[in-house]
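First the structure, in the form of structure tokens, and then the observations on it.
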Amino acid sequence: MASSRKSVTATEQRNRRTRGLDLLSTKDILRKLNREDATVATAVAQQIPAIARAVDAMVRAIRARGRIIYVGAGTSGRLAALDAAEVPPTFGVSPRIIQAVIAGGRRALSGAVEGAEDSVSRGAKDLGVLRVTKRDVVIGLTASGSTPYVLAALSKARKAAAATIGITSNRRSLISRVARILISPATGPEAIAGSTRLKAGTAQKLVLNMLSTATMVRLGRVYDNWMIGVALTNKKLQLRGVRILEQASGANVSDAERALRQSGHDLCLALVMLKRKTTAAEARRLLRNAHGDLRGALGERNRHGGRNR
């Protein structure tokens, strides 16, 4: 029994702090869960050096016309699919740039597909369909660090010379052998033993937020702290776009609305028009000459210490 206990991963161990959970009042259950959740951000903060290396790899891939491909199963796969779905409209990039592969396919987004995460052949096959190359980055998410589907996909990516990144809550696990960059927040035992949709899942969500957001910031899809690349697909977002232009350029509402119309609802273009006091055609030329770098097109890059490194 002793050797069996030693082999149990940190995320599968029983949490001493939440024993007797089912005997507590509603408020006390919530307090226990909240105290456990409060440890997650600290665990993620300790991984910032590894997360930074991952972001740099993602930026290089996208600049080389490569893709970011998430791979996961169960909760990990659903979190990955969520991030991949939200990045394009938030930052105005093509859905091709960031994609997600989940064990069990689309059905697994809304329900469990039993046994899907255990399939080595399916993990390799699903990634193979995407024809991964050395220009891509493949990010495997597995709380345990040993999900066969995810490991097979990462191994396939590695053979294609793609950059591989692993996100896990168990550092000493199999994923460390196939991921070039390992992000491993030590979230420890869950409030409910083995339920990695809790702290491990929260850590994955935080890491995904950081990876995709920092990558888009580095790629110039954010100006200051405004979503300058946001797709203006509904009235709420169009109003947000006008507000961003007002605040970022100092223009009044009328001028901001006019610039937005003339730019074809392209916030980057409209901001260049307003700040450089130029036409849409000239703003396009400035952006093209700056290789799409908004700060460069605005003549602000040197003023703010050059390009981020």
Side-chain angles (χ1 to χ4, degrees), residues 1-52 54-55 70-86 100 102-103 108-112 114 117 139-147 149-151 165-176 179 181-214:
M1 290 290 285
S3 60
S4 167
R5 204 173 295 126
K6 284 180 183 176
S7 66
V8 175
T9 60
T11 52
E12 295 293 326
Q13 290 173 7
R14 192 175 174 201
N15 191 326
R16 293 179 180 178
R17 294 183 297 274
T18 58
R19 289 184 180 182
L21 191 67
D22 62 324
L23 300 174
L24 301 178
S25 68
T26 300
K27 283 185 179 179
D28 284 340
I29 291 169
L30 295 175
R31 288 188 184 103
K32 291 278 188 182
L33 293 175
N34 181 247
R35 282 177 193 138
E36 292 301 309
D37 286 342
T39 67
V40 176
T42 300
V44 170
Q46 291 170 351
Q47 294 299 302
I48 283 178
I51 296 170
V55 168
Y70 297 141
V71 183
T75 298
S76 300
R78 293 182 196 104
L79 289 169
L82 175 64
D83 199 66
E86 291 183 340
I102 181 170
L109 293 174
S110 57
E114 300 301 336
E117 69 178 56
I139 303 174
L141 298 97
T142 159
S144 68
S146 58
T147 305
Y149 180 92
V150 175
L151 297 180
I165 297 167
I167 303 175
T168 181
S169 286
N170 289 296
R171 185 168 192 82
R172 293 181 182 86
S173 56
L174 294 173
I175 198 170
S176 64
I181 299 171
L182 188 65
I183 300 169
S184 54
T187 52
E190 295 289 357
I192 298 173
S195 183
T196 52
R197 59 178 284 274
L198 298 174
K199 291 192 296 182
T202 299
Q204 288 179 347
K205 175 60 175 162
L206 291 177
V207 171
L208 287 170
N209 283 351
M210 295 168 79
L211 288 173
S212 56
T213 302

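In what follows, residues are counted from 1 in the order of the sequence shown. Because the structure is predicted, anything quoted here is derived from the model rather than measured.
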For Gly74 versus Ile102, what's the shortest heavy-atom pair and its separation?
O-CD1, 4.1 Å
Start with the C-alpha gap between Val44 and Ile51, add the side-chain angles, then the distance that decides, and say whether side-chain contact (heavy atoms from CB on, under 4.5 Å) holds.
CA-CA 9 Å; Val44 170; Ile51 296 170; 4.1 Å; yes
Looking at every non-hydrogen atom in both residues, tell me the closest pair between Gln13 and Pro189 and how far apart they are.
O-CB, 3.4 Å
Under 3.5 Å, is there a donor on one side chain and an acceptor on the other for Arg197 and Thr75?
no
Whether Thr168 side chain and Asn170 backbone form a donor-acceptor pair below 3.5 Å
yes
If we ignore hydrogens and angles and just use 3.5 Å, is the side chain of Lys205 paired with the main-chain N or O of Leu79 as donor and acceptor?
no
Just distance, no hydrogens or angles: give the donor-acceptor pairs under 3.5 Å from side chains in residues 18-25, sequence neighbours left out.
residue : atom : partner : partner atom : Å
Thr18   : OG1  : Asn15   : O            : 3.4
Thr18   : OG1  : Ala191  : O            : 2.7
Ser25   : OG   : Asp28   : N            : 3.2
Ser25   : OG   : Asp28   : OD2          : 3.4

Within the side chain of Ser195, is there an N or O that forms a donor-acceptor pair under 3.5 Å with the backbone of Ile192?
no
Of all heavy-atom pairs linking Ala80 and Leu141, the shortest is CB-CD1, 3.9 Å
Closest non-hydrogen atoms of Ser169 and Thr11, given as atom of the first, atom of the second and distance, are CB-CG2, 3.6 Å
Between Thr9 and Ser144, does any side-chain donor sit less than 3.5 Å from a side-chain acceptor?
no
Out of curiosity, Ile167 CD1 to Tyr70 OH, how far, rounded to the nearest 0.5 Å?
7.5 Å
CD on Glu190 to CD on Glu12, rounded to 0.5 Å
9.0 Å
Please tell me if the side chains of Gln46 and Pro185 come closer than 4.5 Å, counting only heavy atoms from C-beta onward.
no
Treating Ser212 as the side-chain partner and Leu208 as the backbone partner, does any N or O pair qualify as donor plus acceptor under 3.5 Å?
yes
From CG (Asp83) to CG (Leu211), nearest 0.5 Å
8.0 Å
Would you give the length of the straight line joining atom OG1 of Thr26 to atom CZ of Arg31, rounded to the nearest 0.5 angstrom?
10.5 Å
Taking Arg78 for the side chain and Ala108 for the main chain, is one N or O donor matched with an acceptor at less than 3.5 Å?
yes
Exercise: identify the closest heavy-atom pair between Ala81 and Ala100:
CA-CB, 3.6 Å
Using 0.5 Å steps for rounding, measure from the OG1 atom of Thr142 to the CG atom of Leu174.
9.0 Å
Verdict with reasoning, Gln204 to Ser76, per side-chain contact (heavy atoms from CB on, under 4.5 Å):
CA-CA 7 Å; Gln204 288 179 347; Ser76 300; 3.0 Å; yes
Can you name the closest pair of heavy atoms from Ile165 and Ala54 and give their distance?
CD1-CB, 3.6 Å
Taking it one step at a time, do Leu182 and Ile175 satisfy side-chain contact (heavy atoms from CB on, under 4.5 Å)?
CA-CA 8 Å; Leu182 188 65; Ile175 198 170; 3.7 Å; yes
